[in-house]
Participant: 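Structure provided below as structure tokens; questions to follow.
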Amino acid sequence: MAAPRYHLQFRPYRRPFRQPLHTRHGIWTVREGIILCLTDADGRPAWGEIAPVPAFGSETLAQAWQLCQALPAVLTWADLQQIPLPACRFGFLSAWEQLTTSVSSVGPLPVSSVLLPTGAAALEAPQIFTPQPQSTFKWKIGVAPIQDEMAIFEELISLLPADARLRLDANGSLTWQQACQWLQLCDGYGVELLEQPLPPDQVSLMLKLRQRYSTELALDESVTTVAQLQHCYHQGWRGVFVLKAAIAGSPMELRNFCQTHNLDVIWSSVFETGVARRYIQDFLVRALPEAKRVLGFGTSHWFNDGWEQLSPEQLWERL
Ligand SMILES: [Mg+2]
């Protein structure tokens with residue numbers, strides 16, 4: 001019997017942020033990516049999304065576009081398995097899995113943490129004054145001088161509702177000494193966790209840091225791909241893993257590894273559209289029902305294009 005064949009189409013997208021996002025990697029103003037559509041021999045379509053984040057080590061959009069253009073218009077499973085770039089790999093394999101496996105979508109995900117603007121702008125974010133019960137907020141640090149950020153942090157804590165939780169994300173920007181200063185402060189306030197305090201390659205230092213303070217640590221930039229995730233796990237990391245599935249490579253490998261080792265995970269956004277989001281919720285998040293951390297998908301308020309309400313098919317038609 002001939003191997004199944006899938007017809008490929010792909011289109012670029014561009015979404016300006018409502019306000020630029022400041023991180024230590026720089027200022028991000030527009031989210032760009034690619035939506036692809038695989039159609040099987042019966043004419044059934046499934047959509048996938050390529051949403052690279054080069055600052056996290058994934059391919060660039062230009063590389064992803066080049067890869068898509070170089071592929072034949074009709075693909076087999078063998079072709080799909082050989083796609084090397086991690087965000088592309090996710091996009092193609094997620095579309096393929098949706099074509100070949102049916103899961104029932106059971107509505108939207110539970111609440112996510114809310115990403116606040118960086119710096120003092122967080123103190124004016126409408127979400128902190130109209131919170132849902134037991135909200136989780138996330139705030140980026142490591143962008144301005146540490147004393148300035150600590151002063152804003154204390155003010156932010158005083159504004160947050162008593163039942164709110166706070167996550168800090170340093171995006172790998174701190175020195176050992178600064179990380180200790182932050183963790184000491186965090187311990188006093190019961191901060192939920194500090195994400196990626198040290199640069200991605202300093203995992204053994206973060207293992208040490210994790211033993212010194214009660215605030216939990218999460219790896220993010222250190223575990224961008226499935227291979228890095230496996231490496232850090234085998235180095236002994238048992239803290240939190242922030243998983244950005246859209247840039248991790250094969251979603252099946254990612255799911256298998258998480259299930260096998262029962263990891264403490266936070267599923268997290270790379271500002272992907274609903275195309276990748278729906279797949280992640282139905283095929284990954286719901287496959288690990290015991291994961292207890294609040295999700296990191298609270299980013300829809302960063303856009304005002306109404307795309308969040310569109311089905312994959314509707315979005316495809318607009319591109
Ligand atoms: Mg992070």
Side-chain angles (χ1 to χ4, degrees), residues 17 20-28 31 51-58 86-87 90 112-119 121-122 125 127 135-144 146 149 153 156 165-175 178-179 182-183 186 191-203 205-207 209-210 213 215-226 228-229 231-233 237 239-249 254 258 263-272 276-277 280 284-285 291 293-302:
F17 288 109
L21 175 66
H22 294 248
T23 76
R24 73 160 310 254
H25 301 302
I27 299 174
W28 202 1
R31 199 328 152 216
V53 188
F56 273 63
S58 85
F90 169 84
S112 277
S113 66
V114 176
L115 177 61
L116 296 171
T118 309
Q127 292 84 5
S135 292
T136 299
F137 294 97
K138 175 166 160 174
W139 188 56
K140 300 265 184 192
I141 62 167
V143 181
I146 188 167
E149 288 188 339
F153 166 84
L156 180 59
R165 271 181 298 188
L166 182 62
R167 295 172 175 172
L168 300 184
D169 186 0
N171 288 114
S173 65
L174 306 180
T175 62
Q178 289 170 332
W182 269 113
L183 286 166
C186 289
V191 166
E192 183 192 1
L193 53 84
L194 171 60
E195 231 175 273
Q196 196 72 40
L198 305 180
D201 59 348
Q202 296 185 7
V203 175
L205 280 178
M206 287 187 277
L207 280 164
L209 201 56
R210 185 168 176 258
Y213 298 92
T215 301
E216 184 57 279
L217 295 185
L219 296 185
D220 184 357
E221 280 87 340
S222 295
V223 292
T224 301
T225 62
V226 179
Q228 290 166 340
L229 171 70
H231 179 69
C232 289
Y233 179 81
W237 187 262
V240 177
F241 296 90
V242 176
L243 301 181
K244 294 174 155 48
I247 56 170
L254 181 63
C258 293
L263 304 184
D264 186 356
V265 304
I266 295 175
W267 295 102
S268 176
S269 163
V270 292
F271 297 97
E272 59 282 274
R277 188 82 48 91
I280 293 170
L284 301 180
V285 177
R293 304 265 172 194
V294 171
L295 301 167
F297 284 111
T299 52
S300 58
H301 60 285
W302 284 80

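Ligands are counted one by one from 1 in listed order, and the atoms in each one are counted from 1 as well. The structure presented is a predicted model; accordingly, all values stated were derived computationally and were not measured.
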Participant: Between Trp139 (side chain only) and Gly119 (backbone N and O only), is there a donor and an acceptor less than 3.5 Å apart?
Facilitator: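 Present.
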Participant: Report the atom name of the nearest N/O/S atom of Glu195 relative to the Mg ion (ligand 1).
Facilitator: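 Sorting the N, O and S atoms of Glu195 by distance to the Mg ion (ligand 1) puts OE2 first.
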Participant: Decide, yes or no, whether a salt bridge links Arg293 with Glu192 under the criterion of side-chain N to carboxylate O below 4.0 Å.
Facilitator: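 Judged by the 4.0 Å cut-off on N to carboxylate O distance, Arg293 and Glu192 do form a salt bridge.
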Participant: In this structure, are over 12 heavy atoms from other groups packed under 6.0 Å from His231 atom NE2?
Facilitator: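 No, the 6.0 Å shell around NE2 holds no more than 12 heavy atoms from other groups.
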Participant: So, is Glu221 placed with an N/O/S atom under 2.8 Å from the Mg ion (ligand 1), counting both backbone and side chain?
Facilitator: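 Checking Glu221: none of its N, O or S atoms is under 2.8 Å.
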Participant: Walk me through it: do Ser222 and Gln196 pass the test side-chain hydrogen bond (donor to acceptor under 3.5 Å, both in side chains)?
Facilitator: CA-CA 8 Å; Ser222 295; Gln196 196 72 40; 2.9 Å; yes
Participant: Please report, to 10°, the angle around the Mg ion (ligand 1) from atom OD2 (Asp169) across to atom OD2 (Asp220).
Facilitator: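 Computed angle, vertex at the Mg ion (ligand 1), rounded to 10 degrees: 170°.
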